[in-house]
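Structure first, commentary second.
Since the structure is predicted, the reported quantities are computational estimates derived from the model, not experimental observations.
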Amino acid sequence: MQKVGYIIAHKIIMEYNFREIEQKWQEDWKRKEIYKVSNDSTKPKYYVLDMFPYPSGAGLHVGHPLGYIASDIFARYKRLKGFNVLHPMGYDAFGLPAEQYAIEHGIHPAVSTANNIENFRKQLDKIGFCYDWSREVNTSHADYYKWTQWIFLKLFKSYYNRSTQKAEIIDSLIDIFEKEGNINHPIPNSQFQIPVSTNDQQPTTIFNPSDWKNFDEKTKQAILMEYRLAYCGYGEVNWCEALGTVLANDEVINGVSERGGHPVVKKKLRQWYLRITEYANRLLDGLERIDFSEAMKEMQTNWIGKSYGAEIDFKVKSQESGAENLKVYTTRPDTIFGVDFMVIAPEHELIEKITTAEQKQAVGEYISYVKSRSDRERQAEKKITGCFTGAYAINPFDGKHIPIWISEYVLAGYGTGAIMAVPCGDERDFKFAKHFNIPITNIIGAHYNGEEANATKDAILENSGFLNGILMRDAIGIAIAKLEEMGIGKRKVNYKMRDAAFSRQRYWGEPFPIIWKDGIAYPLDEKELPLILPEVDKYGPGPDGEGPLANLKDWASPPAPLHEGVRETNTMPGYAGSSWYFLRYMDPHNDQIFCDRKASDYWGQVDLYIGGTEHAVGHLLYSRMWTKVLFDLGHIGHEEPYKKLVNQGMIQGSSRFVYRLNLNYEYTSAQKINETKSFPQFFISKHFYDDYFNNNHETSKYILNEVSKKIGGGIGVSYNGAPILLHVDVNIVDGFELNIEEFKKWRIGEYANAEFILEDGKYICGSEVEKMSKSKFNTVNPDDLVVRYGADTFRMYEMFLGPVEQSKPWDTKGIEGVHRFLKKLWRLFYDEMKGKLWTDEKANDAELKVLHKTIKKIEEDTERFSFNTAVSACMIAVNELSDLKCYKKEILEKLLILLTPYAPHIAEELWHQLGNEGSILDAAYPISEGKYLIESSKNYPIALNGKTKTELTISLDATQQQVEEMILANETVKKWLEGKQPKKIIYVKNKMINVVM
RNA sequence: GCCCAGAUGGCGGAAUUGGUAGACGCGCCAGACUCAAAAUCUGGUAUUCGCAAGGAUGUGCAGGUUCGAUUCCUGUUCUGGGCACCA
């Protein structure tokens, strides 16, 4: 300290003063608008995108910036490589938490969201990101959601033309209906039947041009609704009667509401949907042309869940009803002779019709049980539940009577909501049959052992009528052909994916630009957009499960001259705004169109998209769909939004615990009992806690003894129960050692009088890796770290933690190492005492080798997103140059450019110290020259039977024979051979040598 | 339950295509500088046997393929993410 005290003016140069440096350059870059990017450039373009955040009230913790830092590094790297880089940021600002906050505190979500955003922005700025903030988007701003609504109208006014395999405007479908009816364009939902006006008409799904002309407007609109890409239908929601509102899945825990613990049941409500199922095939095909991880593609593929099979109609025989059909979907029509029972979803409409009188009560009870259960629970439960309807289906081939059961494991939304159960070939069916004592038919002979089902396709069928003796694989096609011939079944491709629910009974989202009149949905004129989200007095639910907007009578039913009818009072879900935001960044201020075609043609696809896997099947599928629709309708020129996706891992928290004693006090003298309140809380160090649980009696006694000593005599102390484990703020724990002074101040002095029983004079905390969250006191705020170590250190440390795609626990301890590295780098330029070190001397071969090796390594690592190893390569380079005492500008200057994407501030500062004009952000990336890296020999590992025993330096151009001679002459090898001849000698050039004995 | 991923020293991790397991950093130990501390620097540090030379073991667990496996295959355990209204 004293040393630099005298030369305070030189301080900034003499030592690494990251605070001044970072502030200086952040201001300079801001003043020069250095991150502003133009849509007009001769350079090649590169688009780097982060998944934009939901601005939560909790602010950023160290987990959030991980992906942002990675993308920032890559954006800066591409800039150095000569690209025009688009790297924007914004906010996904609609969402449930802000609304919940409004309900609880009466603060408008726009206000709390704006506050949160301001806080986020401050935090982000400190880390030194190169975002072009002039392109910021906010999904809750009217100038943004105007276009979300506009795209919604495009979806509403379009249908998917299956013959051209693309979205087209619905007017063209009306033309088709007028010319040829819907014979070539069947209604996507095969369950839908056209409503008929008179009783003598049979419900139908096909109509001709004259039918179409004769339909009334309501029928026409109902039919068109069945084709629209955004359509209205009915769907089940989590309904909580006590709260009078619909709950999100994560607000429901074990069938009751998270807040208040009220019962939650399924209820059908009118909902908007996106017909994403029409895009299932293209979403699947598109995966082959984009650079996502195999795991991500697999997840999306499984989610889409394309399967090939058949729909089969079974006649139902029951006492109560006449001829009913049970339509099942199966991927294994070859097993039709092995069907021992049917299972239909508890929501299935046939239940009412086919349930026999004696089963009515049981079925009713079962259905009400299922209503209280979520889809997740229904599939996750290991317990087998079900109920017999009393009805039987008839096997069309052998007339066998098949009992029809109801069970929660069959979901109404998938296939036809009914399955044919083949217990010898399906594990779940097998368990169900065993549980309910349903006899099992074996159709696969020895392949079925009676102990478990066998889902093979390689068995020869037995007990299978006309399919006997046929390989199952081949029987699938034969069975379908037969079903089609008999007119009781057809080949069918099915998708597990369902249409996406697109409405919420909530306030804080985009209003739908829809007016309802006489049960028909009319779109607002595009000129009327944006439809502004109105102010409300209270944020609670509207009547009948509607959203808060339904409470606004004036808004919901605008006066007649303006509109007849009532507004849609649902709002759009969180993913509406995020489904197209990557396009808005390209042209963020355009008030004529969502994004000018010139801008989207210039920027095209996002070249690199970084975000978490938690969005694997939600956002990433929806935004792919929206992009395809916009492409089909000619609004943009590409149909996949993201060329490459990198998934960042989660940073977990490392929680710390303290152990509070749970004690009883007994008074040996006549003291008043209420004095107990004045006893301090006692905390025992981890060692004692572990001992307590290992029933170490001496420790237990020791603890009580220590407590007695501290509270004085006259009071007996005993255990009231086991010590209690409490989360403690990780920020007041150094490694595992609790900072006792800080702890006493923590939580407004709640533990000010705490007493501690220490081990070796320290209080050691327990620990566990958990999700990072405020309630666990394990969040670490990036701001604190930036203040202590600087943004450059923080950025590099986040990367140094491990591969960006991997989840890992946060540990602040290691940040010192990265900080030391930057200080060591600084000392290649300046010495505290001697001042300037760098020179213009010519570099020697050893120094050039270090440089060019490092260029190669960092470039390769950055290209493959291996940022952790790139940081370590920087460290190695600085270590080696320090060892070489290399202070040469020629070397250091290039090293700074390599470092720029990772630690831009220090790089810029030293770049200018070296006398460079202009910003290092636009320097030319150095090129690694192979001539400095050429080696003539290698130190080979010599293994015997694969186990390395020694090393030997051999020329790189040595032949097999030369190597063998050298090996056999080697003392170590001779010793291990014990005079015997080796079986062979494996020599892999530039790798290793293995002697096989 | 279903789908996906992961598991390597005391800790985070490295080993890019099957070829020297543990780079780099933290922590720890020892030493230098210092009245002392911090900072900085130097050396050591997977486990185990051995004074040493040297040997054995070792990448969640159990097998397999291979001259050779952290890497490929089969099974299994545990942890994390997702499962359609959190974003």
_Heavy atoms only, 4.0 Å cut-off, all strands: where does A/Lys496 land among base, sugar-phosphate and nothing?_
base
For nucleotides 4-11 of chain B, which of its nitrogen or oxygen atoms have a protein nitrogen or oxygen under 3.5 Å away, and what is each distance?
unit_1, atom_1, unit_2, atom_2, d
B/C4, OP1, A/Glu298, OE2, 2.4

*If you measure from CG on A/Leu956 to CG on A/Asn990, what distance do you get to the nearest 0.5 Å?*
5.0 Å
_Whether the A/Ser654 and A/Trp810 side chains hold a donor-acceptor pair (N or O, under 3.5 Å, no angle test) is what I'd like checked._
no
*asked:* Atom NZ of residue position A/Lys774 - does it have more than 12 heavy atoms of other residues, nucleotides or ligands inside 6.0 Å?
replied: no
*Using a heavy-atom cut-off of under 4.0 Å over every strand shown, decide if A/Ser503 touches base, sugar-phosphate, or nothing.*
base
*asked:* A cation-pi test, strictly: NZ or CZ of A/Lys266 under 6.0 Å from the centre of the six-membered ring of A/Trp239 and no more than 45 degrees from its axis. Yes or no?
replied: no
*Closer to the 5' end of RNA chain B via nearest nucleotide, is it A/Met992 or A/Lys808?*
A/Lys808
Give me the distances for all protein-to-nucleotides 21-25 of chain B N/O pairs that come in under 3.5 Å?
unit_1, atom_1, unit_2, atom_2, d
B/G25, OP1, A/Asn879, ND2, 3.0

*Do the charged groups of A/Arg373 and A/Glu408 touch, with an N to O distance under 4.0 Å?*
yes
*With a non-hydrogen cut-off below 4.0 angstrom, is A/Pro53 in contact with a base, only sugar-phosphate, or nothing?*
nothing
*Donor on one side chain, acceptor on other, A/Glu816 and A/Tyr789, under 3.5 Å*: yes
Distances for protein N or O near nucleotides 54-61 of chain B N or O, under 3.5 Å:
unit_1, atom_1, unit_2, atom_2, d
B/A56, OP2, A/Lys949, NZ, 3.4

*Sugar-phosphate only, base, or nothing, as touched by A/Val995 at under 4.0 Å among non-hydrogen atoms*: nothing
*Determine which pairs satisfy salt bridge (charged side-chain N to carboxylate O under 4.0 Å, His left out) with at least one residue from residues 859-882 of chain A, sequence neighbours left out, and list them in order.*
A/Lys81-A/Glu859, A/Lys853-A/Glu880, A/Lys856-A/Glu860, A/Lys857-A/Asp861, A/Asp861-A/Arg864
_So, using side chain to side chain donor-acceptor pair (under 3.5 Å) as the criterion, who are the partners of A/Glu294 when residues are at least two apart?_
none
*asked:* At 4.0 Å (heavy atoms only), tell me whether A/Gln271 reaches a base, stays on the sugar-phosphate, or touches nothing.
replied: base
*Classify the nucleic acid contact of A/Val246 as base, sugar-phosphate or nothing, counting any heavy atom under 4.0 Å across all strands shown.*
base
*Tell me the salt bridge (charged side-chain N to carboxylate O under 4.0 Å, His left out) pairs involving residues 610-619 of chain A, sequence neighbours left out?*
none
*asked:* Reading RNA chain B from 5' onward, which residue's closest nucleotide shows up sooner: A/Gly618 or A/Pro941?
replied: A/Pro941
